[in-house]
Amino acid sequence: MPKNWLFQIFAVLLFVSFLTGKVYAHGGHKKPAVEMEEPASAVDSPYAVDGESTESSRDEEDSFPLSRPDIFADESMEHMDLQPSGAMDHKMPHVEIAKREWVSSKQKGYGTAVGITIFAGLIFGALSFKRPGE
Amino acid sequence: MANGLLETIKDRLGLNLLQYDIEEHANSIPYSLGGMSLVSIKLLIISGFLLAQFFVPDPERANQSVHYLMNQVYLGWFLRGVHFWSAEVLTVTMTLHLLRVYFTASYKSPREINWLTGVVLLLVIVNLLFTGTVLKWDQEAYEALDHFLWTVERMGIFGFPLTEAFAQGVPLLSRIYMAHISLLPLILIPILGLHLFYMKLHKVSPKPDQPEGGRTMPFSRHLAYLTRAGAGIFAVICLLALLIAPPLGEKAIIGLEVTKPPWQFVWLYALENIWVPFLIVAPVVLIMTLLAIPFVDRNKETLWKKRPIAIAFMVIVAGTIVGLIVWGSVTTMTHKM
């Protein structure tokens with residue numbers, strides 16, 4: 001009798017051990033697979049460029065020269081010929097030189113900025129006129 | 001009753017300490033240039049704090065975040081303009097202050113320490129200007145950093161903490177940002193405090209060829225004068241920010257050198273064209289010379305006519321720097337590092 005009892009337990013354990021992994025994974029019943037959410041990425045950022053993917057952003061970051069210690073190694077310090085009609089011209093990418101520019105009146109808050117400036121000027125005018133404490 | 005309350009508040013806050021006497025000629029533009037510089041520094045701190053809310057100190061995003069601030073944030077362009085023009089105005093008032101102190105011989109005994117702390121302040125502010133230039137991370141910024149790294153690499157072990165290799169994996173731009181908003185201001189503020197403390201201790205220098213202790217007035221009158229001057233400076237800075245936008249390019253193309261530095265650094269750029277190591281030698285020589293001035297010039301005379309050598313020296317130095325700035329601005333440089 002005890003032998004039969006042990007045999008039955010062994011048989012049940014053997015049966016259970018043959019059950020598929022999926023049964024264990026979902027607690028023995030079918031459940032829709034949970035979709036992995038993408039972590040918040042630079043794509044959501046207001047600075048993101050249209051069509052930019054997280055993958056490409058990562059790749060770019062990895063290859064960004066400043067993330068490598070040898071970025072400013074001597075060979076990169078060799079400066080290009082700056083003569084406008086040099087032989088290097090066709091190799092040199094075009095760089096728009098940043099300059100000081102007149103501010104457009106279409107800028108956000110331009111009216112407020114005008115107001116702040118006039119107010120500052122008026123304060124200075126009033127102080128120069130009244131000279132309190134001087 | 002109201003007067004009694006006012007007196008109590010003044011007493012508790014220690015405002016009566018501001019009632020000390022100060023020389024009357026302090027209420028003039030030449031003798032208020034230091035105070036005017038302080039106004040620009042305050043504006044830089046306030047506008048800088050606001051700008052920091054929108055800046056991403058990462059090489060991938062820094063330039064875009066500044067463009068975003070300029071084009072998308074309400075008054076962002078004005079805020080950046082105020083910060084930029086405050087730095088420009090500070091450069092001018094600070095330089096004029098230095099020249100005024102030199103030409104009126106205000107660095108002489110007992111005010112040597114004021115001069116020394118002033119030179120250190122100049123050094124810190126130039127570093128703030130430089131780090132601020134790099135942060136926008138466009139072509140000009142990259143090239144500025146490129147030159148800086150060339151310099152520190154040649155300083156061996158002393159330059160190592162300033163290189164990318166010192167903290168691998170941390171973008172140098174992030175560390176420069178930390179220096180700009182934290183380390184350098186932390187150095188600036190106590191030295192500024194010392195500068196003001198010694199100015200109070202030794203008092204405003206008398207006009208040249210006049211004895212110490214001339215006609216005086218309460219310090220509160222000078223404060224009122226500085227408040228008016230500060231309002232004027234703020235109005236000028238606002239007007240400049242309203243009219244002219246600071247330069248901002250696209251993200252840098254690594255390896256190119258096509259831009260010129262901001263005008264404050266153009267004299268170095270021109271010297272570099274003559275002999276590249278000037279990039280290291282010239283700033284060191286200039287700072288050492290400035291620090292040595294009170295110890296080398298032991299002449300007791302303060303009137304410029306009686307100090308021909310000292311005056312000629314400064315005219316030559318200042319003239320050379322101005323000449324190099326003009327030359328560097330109008331000429332295409334052809335140097336190779």
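Within every chain, numbering begins at 1; the chains are lettered A, B, ... in the order of the sequence lines, protein sequences first and strands thereafter. Predicted model only: the values in this text are computed from it and were never measured.
With respect to chain B, the highest number of heavy-atom pairs below 4.5 Å among A/Pro132, A/Gly125, A/Ala120 belongs to A/Ala120. Taking chain B as the reference chain and counting heavy-atom pairs below 4.5 Å, the highest number among A/Ile118, A/Ile123, A/Val114 is found for A/Val114. The residue among B/Ser220, B/Gly249, B/Gly232 with the most heavy atom pairs within less than 4.5 Å of chain A is B/Gly232. Ranked by non-hydrogen atom pairs under 4.5 Å with chain A, the options B/Val82, B/Leu75, B/Thr227 are led by B/Leu75.
Heavy atoms of B/Met70 lying under 4.5 Å from chain A belong exclusively to its backbone. Heavy atoms of B/Val236 lying under 4.5 Å from chain A are absent altogether. Of the atoms belonging to B/Glu250, not a single heavy atom falls under 4.5 Å from chain A. Interface remark: B/Ile244 contributes backbone and side-chain atoms alike to the contact with chain A (heavy atom separation under 4.5 Å). Neither the backbone nor the side chain of B/Phe166 comes within contact range of chain A; no heavy atoms are under 4.5 Å apart. For a residue to count as touching a neighbouring chain, one of its non-hydrogen atoms must lie under 4.5 Å from one of that chain's; by this rule B/Ala241 touches chain A with the backbone only. Heavy-atom distances place no part of B/Glu143 under 4.5 Å from chain A, backbone and side chain included.
Salt bridge annotation for B/Glu88-A/Arg100: present, with a cationic side-chain nitrogen under 4.0 angstrom from a carboxylate oxygen.
Shortest non-hydrogen contact noted between B/Ala231 and A/Leu127 is CB-CD1, 3.9 Å. For A/Glu134 against B/Tyr225, the heavy-atom pair with the smallest separation is OE1-CD1, 3.4 Å.
To the nearest 0.5 Å, atoms OG1 (A/Thr117) and CG (B/Leu239) are separated by 6.5 Å. The CG atom of B/Asn71 lies 9.0 Å from the NZ atom of A/Lys108; values are rounded to the nearest 0.5 Å.
With a 4.5 Å cut-off on side-chain heavy atoms, B/Phe78 and A/Ile116 count as touching. Using a 4.5 Å cut-off on side-chain heavy atoms (C-beta onward), A/Val103 and B/Leu243 make no contact.
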- [ ] Give the intermediate values and the outcome of side-chain contact (heavy atoms from CB on, under 4.5 Å) for residues A/Tyr110 and B/Trp77.
- [x] CA-CA 9 Å; A/Tyr110 189 82; B/Trp77 60 275; 3.6 Å; yes
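In this view, B/Tyr31 and B/His25 satisfy the ring-ring contact (aromatic ring centres under 6.0 Å, His included) rule, not counting sequence neighbours. Applying the ring-ring contact (aromatic ring centres under 6.0 Å, His included) rule to B/Phe265 yields no partners; only residues at least two apart in sequence or on another chain are considered.
For A/Phe119, the CZ atom counts as loosely surrounded, since its 6.0 Å shell holds 12 or fewer non-hydrogen atoms of other residues, nucleotides or ligands.
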